[in-house]
Protein chains: 2
Amino acid sequence: MKSEKISDAVVRRLPVYLRFLNELSRREVPTVSSQELGQKLDLNPAQIRKDLAYFGDFGRKGIGYDVSYLIEKIRQILNLDQQINVALIGAGNLGQALSNYNAYLKDNMKIVAVFDASPEKIGSQINNITIQPIEVLVDAVKGNHIRIGIITVPDVEAQRVADQLVAAGIEAILNFAPTILKVPAGVRVHAADFTTDLISLAYYLDGGKERSEHDSKMVD
Amino acid sequence: MKSEKISDAVVRRLPVYLRFLNELSRREVPTVSSQELGQKLDLNPAQIRKDLAYFGDFGRKGIGYDVSYLIEKIRQILNLDQQINVALIGAGNLGQALSNYNAYLKDNMKIVAVFDASPEKIGSQINNITIQPIEVLVDAVKGNHIRIGIITVPDVEAQRVADQLVAAGIEAILNFAPTILKVPAGVRVHAADFTTDLISLAYYLDGGKERSEHDSKMVD
DNA sequence: TAGATTGTTAATCGATTAACAATC
DNA sequence: TAGATTGTTAATCGATTAACAATC
C-alpha cells in the first residue's frame with residue numbers, strides 16, 4: 001500500500017478486472033492469481049499486482065486473490081458501493097441504445113434522467129424515463145443528485161450541454177460527441193467517441209503500409 | 001521524416017487532428033500552427049509537431065501547416081484515400097445507432113453489410129442494408145472485400161463472431177462487447193466498450209476521494 | 001517442507017515536453 | 001530584416017516489466 005496518486009491508466013484497468021472477477025464469481029471460482037488474470041485480460045501479471053497494491057494488500061502470498069473480497073474492494077475503490085445517478089443528454093439513436101444498456105449496468109449506476117432538445121421527443125418515454133427539455137437540465141441535475149452526465153447530442157451542441165452540466169455542478173462527463181470539451185479543472189471528462197477508434201483502425205489496414213509480416217496462423 | 005515504427009498513441013491522435021482540420025477547412029482557414037492546434041485539442045504543440053513529423057515534413061517554418069494539404073496527407077496516412085468496407089455484426093439498439101452514424105462517416109468508411117443472429121431481424125433493413133444471418137458472414141466478408149468488422153453482439157457471442165471474422169480474413173475489429181477478444185497477431189482490435197469508460201469515471205467522483213488515505217488494514 | 005504467488009524495488013522501456021537551430 | 005514556427009535532439013517524465021525476498 002502506497003499513497004501516491006493513481007494514474008488514469010491504472011484506474012481504467014479496474015473496471016476490466018472487476019468485470020472478469022464478476023464472471024469468476026458467477027462460476028464460483030474462489031481465488032485467482034495475477035497470472036491467470038493476466039492471461040485472460042492480456043496484461044502483465046506484475047502490472048496487475050502493482051495496480052491492486054496501490055489500494056491495499058488484497059492478495060495472499062502463495063494463494064492469489066480471493067475473488068469475492070477483491071470484487072468488494074474494487075467496488076469500493078470505484079465508488080460503486082453507492083448508487084450513482086446519471087443523466088443522459090441526447091435521446092437520439094445512440095442515446096436510446098445506451099439507456100437500454102442501463103439494465104446491464106448493475107454496477108449501481110443508473111440513468112435517472114433523459115434530456116433532449118427536439119420538442120417532438122419531449123414527454124415520451126425511454127426505459128420508463130420521461131424525456132425532458134434541455135431547458136430544465138440544470139435544475140433537474142441539481143435536484144436529483146445527478147453526478148455524471150452522458151452526452152450524446154450532435155457535435156455542435158456538445159459544448160453547450162457540457163457548460164450547462166458544469167453549471168449544474170456535475171462531477172464527471174462521458175462524451176460521445178467528437179469534440180474536445182472545455183471544462184473547469186475538477187470535472188472529469190472521458191471521451192467515448194468511437195469514430196476515433198474506428199478511423200484509427202484504418203491505419204493498420206495493409207494498404208501498402210510498410211508493416212511487419214503478419215502470418216495468418218490461427219489461435220485455437 | 002523518420003522510419004521508426006509509429007506508436008498507437010500517435011495513430012490515435014491522427015483522427016483527432018483530421019477532424020479539427022476538416023472544421024478549419026469548412027471555415028476556409030488556410031493555415032494553422034501547432035500552437036493553435038494544441039490549444040484547441042488540449043495537446044502539447046511539440047507533441048503535435050512530432051506526431052506529424054513521423055510521416056513527413058508537412059509544415060512550413062514561420063507559417064504553420066497548410067490545412068488542405070495536411071488533411072490530404074493525414075487521409076493518406078490513415079488509408080482514407082480509398083473506400084474501406086465495413087461489416088456490422090449485431091443489429092440491436094447499439095448496432096442500429098451505429099449504422100445510422102454511417103452518414104457522418106464521410107471518411108470513406110462504409111458499412112456495407114449487417115449481420116444478426118435473431119431470425120426475426122433477418123431480411124429487414126437498416127439504412128438500406130438488408131440484415132443477413134450470421135451463418136453467411138464468412139462468405140459475405142470474403143466476397144465483398146470487407147476489411148473491418150464492428151462487433152455489437154452480446155458479450156457471450158463476441159468471441160465467436162470474432163473467430164468467424166478472422167476466418168473470413170478480416171484485418172481489423174472494433175469491439176463494443178466488454179470482452180477481451182483473442183485474435184491472431186496481424187488482426188488489430190480496438191476496444192470501444194463504453195462501460196469501462198463510464199465506470200472508471202466513478203472513481204473520480206469525490207466521495208472523500210482525495211483518498212491518499214484509505215485504510216485497509218484487513219485481518220484475514 | 002516445497003511450491004506458489006504476492007508486494008515491492010529496481011531496471012527498462014516508451015511517451016511527452018522543452019529547447020533551439022534552421023528558415024520561412 | 002524581425003517575428004513566427006517548424007523539425008528534431010535532448011531532457012524529463014511516467015508507465016511497464018523483471019526480479020526476488022517474504023510468506024502462505
Side-chain angles (χ1 to χ4, degrees), chain A residues 1-14 16-17 21 24 29-67 69-70 73-74 77 180 200 203 212, chain B residues 1-14 16-17 21 24 29-70 73-74 77 180 200 203 212 214-220:
Chain A
M1 175 101 177
K2 342 258 196 73
S3 50
E4 313 168 32
K5 69 172 181 317
I6 311 299
S7 82
D8 191 44
V10 173
V11 174
R12 278 173 187 270
R13 282 191 292 269
L14 296 179
V16 178
Y17 301 151
L21 289 165
L24 291 178
V29 176
T31 60
V32 65
S33 68
S34 61
Q35 186 168 133
E36 289 170 74
L37 280 168
Q39 210 136 46
K40 292 292 184 177
L41 303 177
D42 277 351
L43 295 170
N44 183 298
Q47 182 171 63
I48 294 174
R49 292 199 298 278
K50 199 163 197 282
D51 283 355
L52 297 174
Y54 282 116
F55 302 99
D57 289 1
F58 301 147
R60 300 219 306 180
K61 294 186 173 68
I63 310 288
Y65 299 90
D66 181 276
V67 170
Y69 180 66
L70 191 52
K73 282 303 176 185
I74 294 180
I77 294 163
I180 309 297
S200 65
Y203 174 83
S212 42
Chain B
M1 176 88 171
K2 343 260 195 69
S3 51
E4 313 168 35
K5 70 170 182 317
I6 311 300
S7 84
D8 191 45
V10 173
V11 173
R12 278 172 186 270
R13 282 190 292 268
L14 296 178
V16 179
Y17 300 152
L21 288 165
L24 290 178
V29 176
T31 60
V32 65
S33 68
S34 60
Q35 187 168 132
E36 289 170 75
L37 280 168
Q39 211 137 45
K40 292 292 184 179
L41 303 177
D42 277 352
L43 294 170
N44 184 298
Q47 182 172 62
I48 294 174
R49 294 199 299 278
K50 200 162 197 280
D51 284 355
L52 297 173
Y54 282 117
F55 302 100
D57 289 2
F58 301 146
R60 300 217 308 181
K61 294 185 172 69
I63 309 289
Y65 299 89
D66 182 276
V67 171
S68 305
Y69 180 66
L70 191 52
K73 283 304 179 185
I74 295 181
I77 294 162
I180 309 299
S200 64
Y203 174 83
S212 328
H214 150 267
D215 190 355
S216 57
K217 257 278 127 47
M218 225 24 200
V219 185
D220 307 48

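The chains referred to below are lettered A, B, ... by the order of the sequence lines, with proteins before strands, and numbering in each begins at 1. Excluded from the calculations below are hydrogen atoms, water molecules and symmetry mates; all remaining heavy atoms, backbone and side chain alike, are included.
When distances are taken from the side chain of A:Arg49 to each of C:dT6, D:dC24, D:dT8, the shortest belongs to C:dT6. Checking C:dT5, D:dA10, C:dT8 against the side-chain heavy atoms of A:Ser33 singles out C:dT5 as nearest. In the set D:dT23, C:dA15, D:dT6, D:dT23 carries the atom at the smallest distance from any side-chain atom of A:Lys61. Residue B:Ala9 places its side chain closer to C:dT16 than to any other of C:dT16, C:dT17, D:dC24. Comparing C:dT6, D:dG7, C:dT8 against the side chain of A:Ala53 picks out C:dT8 as the nearest. Comparing D:dT5, C:dT6, C:dA18 by their nearest atom to the side chain of B:Ala46 picks out C:dA18.
The phosphate of D:dA15 has neither OP1 nor OP2 within less than 4.0 Å of any side-chain N or O from A:Arg13. A:Tyr65 has a side-chain polar atom (N or O) that falls below the 4.0 Å cut-off from OP1 or OP2 of C:dG7. Side-chain N/O atoms of B:Ser7 include one lying less than 4.0 angstrom from OP1 or OP2 on C:dA15. Residue A:Ser34 places no side-chain N or O under 4.0 Å from the OP1 or OP2 atom of C:dT5.
Every residue meeting the salt bridge (Lys or Arg N to Asp or Glu O under 4.0 Å) condition with B:Asp51, not counting sequence neighbours, appears here in chain and number order: B:Arg13.
A straight line from OH of B:Tyr54 to C1' of C:dG14 spans 9 Å, rounded to a whole angstrom. As rounded to whole Å, 13 Å separates atom P of D:dA18 from atom CG of A:Leu43. Rounded to whole Å, the distance from NZ on A:Lys50 to C1' on C:dT12 is 13 Å. For the pair A:Ile63 CD1 and D:dT23 P, the computed distance is 15 Å after rounding to whole Å. One interatomic measurement links the two molecules: CZ of B:Arg12 to C1' of C:dA15, which rounds to 15 Å at whole-angstrom precision. D:dT8 atom C1' lies 16 Å from atom CD1 of B:Ile48, rounded to whole Å. If you take CG of B:Asn44 and P of D:dT5, they are 15 Å apart, rounded to a whole angstrom.
With a cut-off of 3.5 Å on both pairing distances, the Watson-Crick or G-U wobble partner of C:dT23 is D:dA4. Of the nucleotides present, C:dT17 is the one that pairs with D:dA10 by Watson-Crick or G-U wobble criteria, both distances under 3.5 Å.
Listed here is the closest heavy atom pair of B:Tyr17 and B:Gln47: OH-O, 4.4 Å.
Residues B:Gly62 and A:Gly62 each lie close to DNA chain D; by heavy-atom proximity, the contact nearer the 5' end of the strand is made by B:Gly62.
Nucleic acid contact for B:Arg60: sugar-phosphate only, since backbone atoms but no base atoms lie under 4.0 Å from a heavy atom of the residue.
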